[in-house]
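Please read all numbers here as calculations on a predicted model, not as lab measurements. All ligand and atom numbering here is 1-based and tracks the order in the structure.
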Amino acid sequence: MSAGDRTLGRVTVLGGARGGKYPHGNSLLVAGTEERVIVDPSLSLVDRADLPAADRILNSHCHEDHVAGNHRYPDAACHLHELDLPGLRSLDDFMAIYGMSDAIDRAFRRTVVEDFHFVPRPDALPFRDGAVFDLGRCRIRVLHAPGHTRGHSLFHVEPDDVLYLGDIDLSSFGPYYGDAWSSLADFVRTLAMAAGLRARWYATFHHVGVLEGRAAFRERLARFAAVIDDREARLLAFLAAPRTLAEIVAHRFVYRPGDAVLFADDVERRSMRQHLDRLAAAGRVREVEPGRFRASG
Ligand SMILES: [Zn+2]
């Protein structure tokens, strides 16, 4: 155990550096009587001297910060949802999940290898919604929760009643659906599903950490989900005058104008394109001339 760790029955939350703020994160160690599972080995485990042993890795999804410590468990079986599984085959397959533009792809590829220690796991095994891992007097049940990525999944640990939320991270940044393998529509459905989930403990990968009780979870979840509506309301206000997608990207709705994020333009473009499509389908935005969009009415 290290100072930032927290025990919840058979679950130990391995507290990440910077409270789990990106690029770090909080991994989970689940110890049954027969097997031990490490969930989302984070960057903070890479140099950890008292690294806990594990028989299996479960990855909630295929993103750089959630697989950064996978290579420290070369002999453990590695599992993730079948829809994200292709991402662990090779670096090219991994980068396809983001779908970045060429120059950004080249730069981020280096970051993924040098800073996040990406090592392919072509031997990784697929799971699906409802899969159960029996660790001995302790079980982990998979809940498919797509949107952030296609295969993003939650894990419910019984009997300790810990629900691991992965990157439904309940942060003030809000839901992230800016990659090629992300979907705003799926994320909205997943958030509605998550609102019905009951557990004693709710564990997030990033800095919000662990919440106790459904009331605290529901309150944070509602605020998290409201960020989607806030982005959309700001977009509609901006579209009082006709705007191009390039102007929308430059204005910044996901990141703040000054945020120095390598892939910000790609993420803004992909995220706000989905909002544009959603608003157009609802008749609230019209393409008034090719490539220019304005709020209706
Ligand atoms: Zn992620």
Side-chain angles (χ1 to χ4, degrees), residues 14 16-28 38-46 57-70 78-88 91 93-100 104-105 108-109 111-113 115-118 121 124 127 142-155 163-184 186-191 194 202-209 221 224-225 227-228 254-255 259 261-264 266-268 270-271 274:
L14 304 169
R18 303 177 64 210
K21 226 174 173 39
Y22 182 88
H24 290 277
N26 307 307
S27 308
L28 254 55
I38 184 87
V39 174
D40 285 351
S42 77
L43 192 56
S44 300
L45 298 192
V46 170
I57 303 168
L58 297 191
N59 289 131
S60 65
H61 65 292
C62 202
H63 268 165
E64 73 285 1
D65 46 336
H66 294 255
V67 303
N70 277 13
C78 181
H79 305 258
L80 77 171
H81 192 277
E82 60 180 357
L83 294 177
D84 272 18
L85 186 73
L88 283 187
L91 182 57
D93 288 312
F94 185 75
M95 292 305 298
I97 292 177
Y98 304 98
M100 291 168 176
I104 304 300
D105 180 284
F108 193 61
R109 206 170 264 263
T111 300
V112 161
V113 173
D115 300 340
F116 289 97
H117 314 275
F118 179 77
R121 284 295 301 252
F127 57 64
V142 173
L143 287 100
H144 186 210
H148 182 68
T149 65
R150 292 173 184 169
H152 183 273
S153 295
L154 316 183
F155 302 123
L163 181 65
Y164 175 70
L165 297 164
D167 268 353
I168 300 180
D169 70 5
L170 308 179
S171 66
S172 57
F173 179 86
Y176 176 98
Y177 39 87
D179 292 346
W181 285 26
S182 304
S183 161
L184 169 58
D186 283 348
F187 215 137
V188 168
R189 278 189 288 272
T190 280
L191 290 169
Y202 298 82
T204 67
F205 185 66
H206 291 298
H207 49 279
V208 172
L221 186 71
F224 183 70
V227 175
I228 294 177
V254 178
Y255 295 99
D259 287 350
V261 177
L262 176 68
F263 39 76
D266 282 348
V267 171
E268 292 282 348
R270 190 123 40 205
S271 301
Q274 294 181 82

For the rings on Tyr22 and His207, is their centre-to-centre separation under 6.0 Å? no
Measure from the ring center of Phe263 to the ring center of Tyr98 and say whether it is less than 6.0 Å. no
Short side-chain to backbone donor-acceptor contact, Ser27 and Asp40, under 3.5 Å: yes
For His61 and Asp167, run side-chain hydrogen bond (donor to acceptor under 3.5 Å, both in side chains): C-alpha distance rounded to whole Å, both residues' side-chain angles, the deciding distance at 0.1 Å, then the answer. CA-CA 9 Å; His61 65 292; Asp167 268 353; 3.2 Å; yes
Check step by step if side-chain hydrogen bond (donor to acceptor under 3.5 Å, both in side chains) holds for Asn59 and Asn70. CA-CA 9 Å; Asn59 289 131; Asn70 277 13; 2.9 Å; yes
Protein N/O/S atoms closer than 2.8 Å to the Zn ion (ligand 1): His61 NE2, His63 ND1, His148 NE2, Asp167 OD2
Rounded to the nearest 0.5 Å, what separation is found between the NE2 atom of His148 and the SG atom of Cys62? 10.5 Å
